[in-house]
Peer 1: 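Just passing along the structure, written as structure tokens.
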Amino acid sequence: MPQENGLLEMEGSVENIVYHNDSNQYTVLEVDCGEELITVVGTFPYVSVGERLHLYGTWTSHATFGQQFRAQAFERSRPADTAAMLKYLSSGAVKGIGGALAGRIIEAFGDESIKVIEEDPARLATVKGITLKKAKEISEEMQRVNGIRDLMAFLGSFGVRPEDTVKVWKVYGQDSVACIQEDPYRLCSDKIGISFAVADQLAESLEYDRDNKERVKAGVLYVLRHNLNNGHTCLPADKLCAAAAKLLGVPPESAQEALLELCQTFEAVNENFNGRDFVFLPKQHRSEVYCADRIHMMLRYPPESITGIDREIAEIERTKGIEYAELQKDAIRAALEKGLLILTGGPGTGKTTTLNAIIRILMEKGETVFLAAPTGRAAKRMSELTGVEAKTIHRMLQVDWDDNDDPVFQINERNPLECDAVVIDELSMVDAYVFESVLRALPIGCRLILVGDSDQLPSVGPGNVIGDLIASKVFPTVQLKEIFRQSMESLIVMNAHKIVEGEMPELSVRSNDFFFMPREDVRSVSETVQSLVVTRLPKSYGYSPVTDIQVLCPGRKGELGTVELNRKLREQINPPAKNKPQVTVNGTVFREGDKVMQIKNDYNLPWSREDGTVGEGVYNGDMGIIIDVDKDAGCLRVEIDDKEVLYDFEHAAAELELAYAVTVHKSQGNEFTAVVMPMFPGAPQLSYRNLLYTGITRAKKLLILVGKRSVVADMVANDKKTRRFSGLQHFLLEKPEEDGPEQNEEAEA
DNA sequence: GTTAGTTG
């Protein structure tokens with residue numbers, strides 16, 4: 001490796017195309033570099049044998065295929081001499097030309113051959129065996145091949161990656177270069193999605209004007225798109241224009257003007273909520289409007305009401321030996337009578353037992369009930385707690401992925417779910433698009449029961465679904481408050497409540513479950529966290545550093561991130577030893593005794609239990625311990641709960657991570673006996689209330705915060721993450737269009 | 001400038 005982050009350069013000619021995927025242009029090549037034959041992988045549209053490539057990339061090692069050169073960029077030259085041309089044309093690179101024909105063409109036109117094929121089909125047709133029609137076809141194909149090549153050269157020089165160039169070609173084809181030169185900001189469109197900065201740089205080199213309308217419009221759209229990443233489905237017009245003006249270096253009035261034009265061409269949508277203008281991208285607007293309309297329709301034509309269920313509730317209380325609180329009974333009644341319900345509440349408020357009663361009564365009434373959750377692990381947990389099979393929402397709706405890797409659901413309004421009721425758990429993780437997809441998949445008259453805790457981490461994708469639904473007060477909602485699982489004397493529970501209310505948690509009171517250890521600098525925070533886990537807690541409480549204690553961090557990076565803490569904790573908790581086998585796969589060390597987390601859903605991985613039962617499936621967020629590293633067999637044995645799972649090394653590297661310390665995000669859905677959290681200024685966008693709350697509520701018996709009081713205060717004060725700009729609440733509060741739903745039904749018939 | 005979900 002010559003320098004860090006630096007790309008290596010290679011040059012050679014393509015010997016063989018080992019694999020080529022036509023939909024994404026992923027290609028595996030054998031390239032002759034003079035002294036040796038190397039394997040090259042990367043995105044290569046229209047690569048052909050005989051071509052000379054200049055490659056930029058890095059060496060990687062693949063578990064089965066060994067050393068590979070991963071090309072991140074490349075340049076290629078057209079074959080220059082007749083020998084290279086013959087090799088190139090014979091390779092089948094140009095459809096319609098085979099080996100024999102290639103020979104005759106070269107014979108006829110020499111080193112002008114390629115030029116003739118591309119530009120002069122009439123002359124090409126003079127070669128024996130080529131009709132004029134065929135010559136034209138060949139010529140077109142040649143133009144295509146050369147066109148994308150020229151495009152790659154053109155865009156590549158501005159740092160556009162080959163895979164993005166392919167997208168440009170898909171949209172503009174032959175006219176790509178001209179279209180991009182005309183308006184470089186077309187690169188920022190939805191379908192292509194190259195960053196504004198790259199397009200702007202390209203525009204600058206084309207001497208585009210700073211105040212150019214297209215540039216300003218692109219800047220405005222960019223700000224909207226960029227803010228999807230921050231969870232906003234829309235932005236107040238004034239904020240949007242100010243941000244765009246700053247980005248572009250133009251006066252806000254120019255941005256406003258551009259925005260007006262965008263709204264006229266429906267590239268953006270303006271809505272006025274309570275006297276303030278909000279701007280949406282069309283897709284987000286459609287999505288939230290659809291959700292509100294569909295909910296209005298469900299409220300107007302509600303599912304069939306099931307009444308008189310007090311007897312059933314009493315029966316469940318008797319057989320299960322539980323007693324429901326009034327609020328829980330309210331929830332059960334609402335779900336069955338109205339058919340629509342949001343059930344919210346923090347951990348331990350009894351959501352699950354309430355849900356169980358609802359599901360049980362529905363099934364007793366002969367209804368088909370589908371259960372789903374946004375993550376694999378939440379779905380698995382839901383199955384375990386209810387005894388009914390639950391799937392991820394994506395699986396329930398039979399997801400497919402399009403060319404841009406965006407989800408497309410097979411189950412939708414034309415092909416709805418076949419059931420009477422749908423229950424979605426962990427609604428806080430559901431974003432606007434997934435929620436829209438669920439609504440589209442519901443058959444007419446289907447019940448919809450939504451369960452979640454709005455104080456947990458917000459969804460990854462844009463939207464504030466659970467918050468908007470509750471705040472609108474349109475959707476029947478029951479908020480469970482009473483604490484069942486933990487006693488009210490617990491400071492963990494009390495402080496969690498305070499944090500939700502935006503109050504500073506009690507840090508100085510002596511309690512037996514919640515501690516704050518003030519530390520002023522990074523090093524002492526890190527060292528305290530380590531000593532707590534490695535020696536102090538095991539000593540005073542008898543807790544195991546592997547199975548009982550969990551370190552939770554806001555982020556992965558830095559001295560107090562999971563990566564660094566994992567490294568330090570592992571070397572103390574589970575140091576290397578002679579009798580302890582370990583293996584290094586792609587740079588990561590797996591050692592017997594290590595605590596690991598599964599980071600992908602893998603539905604087919606088999607497991608077995610000690611009692612002989614077997615099954616398959618491990619889920620993102622599952623945690624376990626490596627109990628054996630078998631180098632001869634090339635596999636790891638991992639104990640996850642009461643199951644034993646076998647990973648081959650390749651699988652392990654792709655799906656397992658060290659888990660002495662994990663991010664709060666990854667800990668969602670898990671609970672631990674003891675939790676230790678570093679509290680130190682880091683990325684400000686990870687310093688917010690719900691993250692602190694989620695981390696703290698993972699602890700069952702003991703919670704220790706280590707670090708700065710001011711950081712705790714900042715996190716409590718910062719509820720920005722939950723205050724997302726979105727339209728669902730407003731659309732729900734608008735009066736539904738009188739004949740909206742009927743029109744939809746007619747259109748479908 | 002950070003985190004993170006969904007599939008075969």
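Each chain gets a letter, A, B and so on, in the order its sequence line appears, and its residues count up from 1.
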Peer 1: Can you name the side-chain hydrogen bond (donor to acceptor under 3.5 Å, both in side chains) partners of A:Tyr647, sequence neighbours left out?
Peer 2: A:Gln598

Peer 1: Consider side-chain hydrogen bond (donor to acceptor under 3.5 Å, both in side chains). Of A:Asn670, A:Asn601, A:Asn620, which one does A:Arg377 pass it with?
Peer 2: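 The residue from A:Asn670, A:Asn601, A:Asn620 that satisfies side-chain hydrogen bond (donor to acceptor under 3.5 Å, both in side chains) with A:Arg377 turns out to be A:Asn670.
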
Peer 1: Does atom CD (A:Glu384) have a neighbourhood of more than 12 heavy atoms from anything else shown, all under 6.0 Å?
Peer 2: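 Yes, because the 6.0 Å sphere around CD of A:Glu384 holds more than 12 heavy atoms from other groups.
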
Peer 1: Look at all strands and tell whether A:Asn601 reaches a base, only sugar-phosphate, or nothing, counting heavy atoms closer than 4.0 Å.
Peer 2: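 A:Asn601: backbone/sugar contact only, no base atoms under 4.0 Å.
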
Peer 1: Could you tell me which residues satisfy side-chain hydrogen bond (donor to acceptor under 3.5 Å, both in side chains) with A:Ser667, sequence neighbours excluded, listed by chain and number?
Peer 2: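 With sequence neighbours excluded, A:Ser667 shows a side-chain hydrogen bond (donor to acceptor under 3.5 Å, both in side chains) to no residue whatsoever.
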
Peer 1: Contact class for A:Gly461 vs. all strands (heavy atom < 4.0 Å): base, sugar-phosphate, or nothing?
Peer 2: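 Nothing, no nucleic acid heavy atom in range.
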
Peer 1: Heavy-atom nearest nucleotide on DNA chain B for A:Asn230 versus A:Val434: which residue maps closer to 5'?
Peer 2: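 Result of the comparison: A:Asn230.
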
Peer 1: Tell me if a side-chain donor or acceptor on A:Ser383 pairs with a main-chain N or O of A:Ala390 at a distance below 3.5 Å.
Peer 2: yes

Peer 1: What is the 5' to 3' range of DNA chain B, first to last nucleotide, that sits under 4.0 Å from any heavy atom of chain A?
Peer 2: B:dG1 to B:dG8

Peer 1: Is the distance between the ring centroids of A:Phe280 and A:Phe731 under 6.0 Å?
Peer 2: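 Centroid separation for A:Phe731 and A:Phe280: below 6.0 Å.
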
Peer 1: Reckon A:Asn620 touches a base, only the sugar-phosphate, or nothing at all at heavy-atom distances under 4.0 Å?
Peer 2: sugar-phosphate

Peer 1: Taking the nucleotide of DNA chain B with the closest heavy atom to each, which residue, A:Thr663 or A:Pro684, is nearer the 5' end?
Peer 2: A:Pro684

